[in-house]
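Worksheet: one structure, shown below.
Chain A is the first sequence line, chain B the second, and so forth, proteins listed ahead of strands; every chain is numbered from 1.
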Number of protein chains: 2
Amino acid sequence: MGLFGRKKKVVPEPVVEEPTPTLPALPEVDDNGWRSWADHRDWILDQVEPLPPFGMQVLDALGLCLCEDISSDVSLPGFDNAAMDGYAVQAADTWNASEKAPATLAVVGEIAAGGVADQPLAPGTAMKIMTGAPVPEGADTVVQYELTDRGTEDVRIFAQIDQDKNIRRKGSDIEEGDELLRDGDVIDARTIGLLAGIGIDKVLVRPRPRVVVISTGSELIEPGLPLTDLGQLYDSNSFMLAAQARAAGAQVFRVGAVGDDEETMKQTISDQLVRADLIITSGGISQGDWDVVKAVAPELGLVDFAAVAMQPGKPQGFGLIGEDKVPMIMLPGNPVSSFVSFEAFVRPVIRKLMGVRPELREVVTAVTQTIIRSKPGRAQFVRARIRTDAGGRRVVEWIGHSSSHLLGGLQQANALLLVDAETEVIAAGDQVKAWLIDE
Amino acid sequence: MGLFGRKKKVVPEPVVEEPTPTLPALPEVDDNGWRSWADHRDWILDQVEPLPPFGMQVLDALGLCLCEDISSDVSLPGFDNAAMDGYAVQAADTWNASEKAPATLAVVGEIAAGGVADQPLAPGTAMKIMTGAPVPEGADTVVQYELTDRGTEDVRIFAQIDQDKNIRRKGSDIEEGDELLRDGDVIDARTIGLLAGIGIDKVLVRPRPRVVVISTGSELIEPGLPLTDLGQLYDSNSFMLAAQARAAGAQVFRVGAVGDDEETMKQTISDQLVRADLIITSGGISQGDWDVVKAVAPELGLVDFAAVAMQPGKPQGFGLIGEDKVPMIMLPGNPVSSFVSFEAFVRPVIRKLMGVRPELREVVTAVTQTIIRSKPGRAQFVRARIRTDAGGRRVVEWIGHSSSHLLGGLQQANALLLVDAETEVIAAGDQVKAWLIDE
């Protein structure tokens, strides 16, 4: 029997049970089926990792988060140098000098910044020296111009000068090996000055997250175009969220409003994955029949839609989208809900992506001048205006209306008051917690 | 006699006495010949005008200063619309409805966001309606899903509903004609949301000032390169000043350090004029023999060099350079002097160029825990670290060394304490004025 007649032995491939991927265990819910906003935020944060660091020119790293410890390879100053323009001398040569009986020394050289004396300073002589120039060997003090006749061949010194005057000693600012900066430090202008000063031109930082902002709704019209039909309104959310994300440190791609069409929405989100470290959508996640984001997101990745015990901002969605599991935060569509949800959930995520600690905005307290009532069961985020007096005492001077569609009131606010789910009343004169959203 | 033989009548051109251009009258000086730093700042500010405004896309205007009053051409909402997903009905049709005895209404249509009812709502009927969709004529309330059986042909309503429930009335946020923003307002994320919401895509703003930063000194080496000779040090000032200017809102061009050569310095400054709204130099303005900026600036424009009663930062220069009289602020070269001078003089100028009011940083107060001594006659700018407790009370927790070359101490500071020229002692426990330089 020829080879070709032989029956091939079929080895069955082992059946690998691929576990169906799922999101991590969801936060617990209350009797209403709602989760707390802090639980929801922490659950989202747990699924986001800081972006990988890369090297960047120090000046471009302003506002970014350092990803390495920095110690100095040099001393600052790197050499003993003059703190004033004047003359390098030996203090002993000025002994008993005065206005009436000046000490006279031969000027044997001059040292500009960046220059070096060509010989050690001999007793009885002086060298002219510029601020920052190396103090010559043999000199132990620097006399500023004001105490001399500024002579060029000889110089007359009108006072007795102590040793070690107007000399900045090597390493008196920073010693070689000093640990100066730590992984996690945010780079400000002074940090950049320090880095440059110790000779560092590039640092390892986490980049600005690339954030894609998509708003949804067939009723949305691009600002600048006319409203042609009843029922239309201008898309404000994609602009506001884009600006919030940029202010939080992100590099932002604003995608115009997408209509309530499932195929278009799927295609738009898929197209953006390639350039997104984070996607934010607004609208389309309620329980309506036209909630397109809620409808298509499950086809794109692992998603979760939740009722969160907060007001505004109850409906919330989160997903890990596409092969790369790009995080997508799906916010409600009312402008104020969208704004508050950004503050509560998106800003901490952007900061985590950037590696900035703490991820959460500082909670401050302020005194309310009016009673604040709150329906228990949901945390309230109350638009307010807080004034700080000269001593630092914060006072709530205006509280906005609670409706979640009011752009006018939102624009006037500079703070969100944070009222716990359990709190029903905060009396006038009591302290209330707040985020200062202008900072 | 031919025409050509005639003697031409020469009309002498009138001699126009061009007044020699000068800087405005200089501030008064004290017995030492020093001017106060506030006088110097105000004198500089008087010579700088805000940049001319131009139109910009709203999202690009984040952080810039509005140059027009904005009132709304539209109402927000633009039409009565549903605040919840549910059914538009007449409240009277739900009279006495309850869980046990629901009202049943025929569902005669549905209205998506952006959609419009094709007929008025008749008594005894309901229309399904999505959040944000226009409430149909004839309907006077919206019943949320939760109080219904979500029926599609008929809907059962399990409660008596008041008129005007879940309806956002036209103009309840913003009325057409409302004055919303004023010339001088700084544009933040909420302003951008508001602008987009009323349909505005472009606004008139003042642009980011183009600031050129030049450091001077033959001893300066670019970070990243090796120090090869005694006397050399790394250029930190141009990096720090560039970062400070960028943090203040400017678009920055950092020019590497220029050596102490007069021709090169003149050429460098002249070359930069074309792209500069403001030039900042550091170094070279003291009374040394190698102070190149002081030497060449008078050939480039109207300049003034002054001793200012402040510590650090006593030597200061200002000029209006070239044909276009570009402002140039010449700062001392010590890193801390440079940093403090930027805060005192340059930041206010950048803010004035941007149109931002107030130009000056807010002065806060903090309690010092240690005694602060100050030599009278010069205002002191003391590097310090201020901690704010939860109630907003500020405490000075660390005070830096007074030497003006210390980059290390500067980086650890988050505040500058402001000690008046007249003050000699601030006792522990007393209040001290400060700028919070981290904000």
Chain A contacts, top residue of [options] (heavy-atom pairs, under 4.5 Å):
options                         : result
Gly333(B), Gly193(B), Gly115(B) : Gly193(B)
Pro134(B), Ala189(B), Gly409(B) : Ala189(B)
Ser218(B), Gly231(B), Ala83(B)  : Gly231(B)

Chain A heavy atoms under 4.5 Å from [X]: which part of the residue, side chain, backbone, both or neither?
X         : answer
Ile174(B) : side chain
Asp235(B) : backbone
Leu181(B) : side chain
Gln411(B) : both

Considering only heavy atoms and a distance below 4.5 Å, find which of Asn237(A), Val116(A), Leu194(A) pairs most often with chain B.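 If we count pairs closer than 4.5 Å to chain B, Leu194(A) comes out on top.
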Which one, Thr131(A), Leu220(A), Leu180(A), Ile198(A), leads in non-hydrogen pairs under 4.5 Å with chain B?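 Looking at each option in turn, the highest pair count goes to Ile198(A).
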Could Asp438(A) and Arg190(B) be called an ion pair, given the rule that one side-chain N must be under 4.0 Å from one carboxylate O?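 Yes, this pair counts.
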For residues 240-248 of chain A, please give each side-chain donor-acceptor pair under 3.5 Å, one per line with the distance, not counting sequence neighbours.
unit_1	atom_1	unit_2	atom_2	d
Gln244(A)	NE2	Phe339(A)	O	3.4
Arg246(A)	NH1	Leu59(B)	O	3.2

Glu137(A) CD: over 12 foreign heavy atoms closer than 6.0 Å: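 No, not enclosed.
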How about CG on Asn32(A), more than 12 heavy atoms from neighbouring residues, nucleotides or ligands closer than 6.0 Å, or not?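 Yes, enclosed.
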Show the nearest heavy-atom pair for residues Pro226(A) and Ile221(A), with the distance to one decimal.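 Nearest pair, atom of Pro226(A) first, then Ile221(A): O-CG2, 3.9 Å.
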Got a donor-acceptor contact below 3.5 angstrom from the Asn166(B) side chain to the Met84(B) backbone?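 Here the side-chain-to-backbone pair does not exist.
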Within 45° of the six-membered ring axis of Phe342(B) and under 6.0 Å from that ring's centre, is NZ or CZ of Arg347(B) located there?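 Not satisfied by the 6.0 Å and 45° rule.
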Proximal component of Ala112(A), with respect to chain B [non-hydrogen, under 4.5 Å]: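 Interface part for Ala112(A): both.
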